[in-house]
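The next block holds one structure in the form of structure tokens; read it before the comments.
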Amino acid sequence: MAGLTNSGYVPRTSGEWLDFATARFTQICADLGLTAPRYDRAEFAYNVLLVAAQMAGEIDDALSNIFDQHDPNQASGFILRYIADIAGVPVNQGTKSTVTLTLSAWDQSDVSMSAGGVKATDGTNVWVLKEDVVVPKSGASTNAIFEAEEVGPIYAAAQTITQKVTGIAGWVNVKNVDASTVGTAADTDAIIRNRIAQGLGSTGSRSEISLRVSLESLPDVERARIVYNPEIVATTVSSVSIPANGVAVWLYPSTLT
């Protein structure tokens with residue numbers, strides 16, 4: 001049945017809206033003491049109702065989409081991340097890949113470069129200067145850290161970033177001696193919806209699964225393993241000694257300081 005139900009809002013079809021509008025129009029005519037139109041002959045009136053029903057159906061579809069966007073099973077983007085925050089479900093925003101680029105300038109004067117305003121490319125991905133740097137004149141080179149424009153594990157082999165994207169007067173050459181350090185991927189909408197559905201929120205929880213999910217949301221952490229020792233004596237797991245009533249944590253690829 002169309003309308004609000006226990007499972008959410010069920011929209012009416014255009015045909016259902018037509019039946020609804022026809023019935024309401026007939027009732028209004030009766031209330032006003034008017035003769036209800038004969039729809040099989042009053043073509044104009046019928047067409048008016050048909051258009052009104054179609055418009056109402058489209059409005060109904062829009063309203064159902066608003067409801068869907070607030071349903072964790074269908075939400076996406078900002079609203080989904082807002083729901084995850086309320087549920088205490090951590091969201092991994094991912095990290096950007098970085099690379100060290102060697103820069104050189106002309107022999108007229110030093111060249112000042114501003115963070116975010118200088119870009120280079122390997123022909124596929126764009127790399128952006130992270131911190132302000134001054135490149136000395138006369139061919140002397142200097143190194144600077146650049147990061148990928150996009151979040152995720154973006155790889156650039158050595159000697160592949162050789163093209164300037166930004167036109168900076170006096171900037172002559174760019175190259176990367178070493179390969180890039182790849183970043184980590186951000187959680188997709190599907191991953192976030194799955195965590196919410198499984199109740200993996202960590203608010204107020206010290207369970208193994210909530211701690212693991214929280215740790216795996218940290219930058220540079222892809223996998224985490226948590227092992228509790230509930231005994232009053234130390235125990236050894238995977239060659240690691242866990243104190244009495246203690247806990248051991250394994251992280252990949254990073255480690256806690």
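Owing to the predicted nature of the structure, the values given are computational and were not obtained by experimental measurement. Sequence positions, counted from 1, serve as the residue numbers for this chain.
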Glu150 atom CD, neighbour heavy-atom count above 12 within 6.0 Å: no

Output the rest of the hydrophobic cluster of Val151: all Ile, Leu, Val, Met, Phe, Trp and Tyr residues reachable through side-chain heavy-atom contacts under 4.5 Å, sorted by chain and number. none

Which Ile, Leu, Val, Met, Phe, Trp or Tyr residues join Val134 in one cluster when any pair of side-chain heavy atoms under 4.5 Å counts as a link? none

Taking every non-hydrogen atom, the tightest pair across Phe146 and Val118: CE2-O, 3.7 Å

Could you pull out the closest heavy-atom pair between Pro243 and Asn229, with the gap in Å? O-ND2, 2.9 Å

Is there a path of hydrophobic side-chain contacts, each under 4.5 Å between heavy atoms of I/L/V/M/F/W/Y residues, joining Leu129 to Val165? no

Counting C-beta onward and ignoring hydrogens, is there a side-chain heavy-atom pair between Val247 and Val227 closer than 4.5 Å? no

In the structure I gave you, are the side-chain heavy atoms of Val91 and Gln93 within less than 4.5 Å of one another anywhere? yes

Honestly curious: do Val89 and Ile83 fall in one hydrophobic cluster under the side-chain, below-4.5 Å linking rule? yes

Identify whether Val126 and Val99 are in the same connected component of the hydrophobic contact network (ILVMFWY, side-chain heavy atoms under 4.5 Å). no

Work out which heavy atom in Val237 is nearest to a heavy atom in Trp250; give both atom names and the distance. O-CZ2, 3.6 Å

Which donor-acceptor pairs under 3.5 Å do the side chains of residues 172-183 make with protein atoms, sequence neighbours left out?
{"unit_1": "Asn176", "atom_1": "OD1", "unit_2": "Gln159", "atom_2": "N", "d": "3.3"}
{"unit_1": "Asn176", "atom_1": "OD1", "unit_2": "Thr160", "atom_2": "N", "d": "3.0"}
{"unit_1": "Asn176", "atom_1": "OD1", "unit_2": "Ile161", "atom_2": "N", "d": "2.8"}
{"unit_1": "Asn176", "atom_1": "ND2", "unit_2": "Ala157", "atom_2": "O", "d": "2.9"}
{"unit_1": "Asn176", "atom_1": "ND2", "unit_2": "Asp178", "atom_2": "O", "d": "3.0"}
{"unit_1": "Ser180", "atom_1": "OG", "unit_2": "Ile154", "atom_2": "O", "d": "3.4"}
{"unit_1": "Ser180", "atom_1": "OG", "unit_2": "Ala156", "atom_2": "N", "d": "2.9"}

Same cluster for Trp106 and Trp171 if Ile/Leu/Val/Met/Phe/Trp/Tyr side chains link at under 4.5 Å? yes

Output every pair passing side-chain hydrogen bond (donor to acceptor under 3.5 Å, both in side chains) with a member in residues 108-135, not counting sequence neighbours, ordered by first then second residue. Lys119-Glu149

Tell me the side-chain hydrogen bond (donor to acceptor under 3.5 Å, both in side chains) pairs involving residues 233-244, sequence neighbours left out? Arg225-Ser238

Any chance you could lay out the side chain to side chain contact (heavy atoms under 4.5 Å, CB included) test for Met113 and Leu103, step after step, and finish with the verdict? CA-CA 10 Å; Met113 297 184 175; Leu103 312 172; 3.7 Å; yes

Minimal heavy-atom distance between Pro136 and Ala105, with the atoms involved, is O-CB, 3.6 Å

Report the distance from atom CD1 of Ile196 to atom CD1 of Ile191, rounding to the nearest 0.5 Å. 12.5 Å

side-chain hydrogen bond (donor to acceptor under 3.5 Å, both in side chains) partners of residues 94-105, not counting sequence neighbours, each pair once: Thr95-Thr184, Thr102-Asn143

Which atom of Ile192 lies closest to which atom of Ala84, heavy atoms considered: CG2-CB, 3.9 Å

Shortest non-hydrogen contact from Asn92 toward Ala185: ND2-O, 3.7 Å

Roughly how far, to the nearest 0.5 Å, is CG of Asp187 from CG of Leu80? 10.0 Å

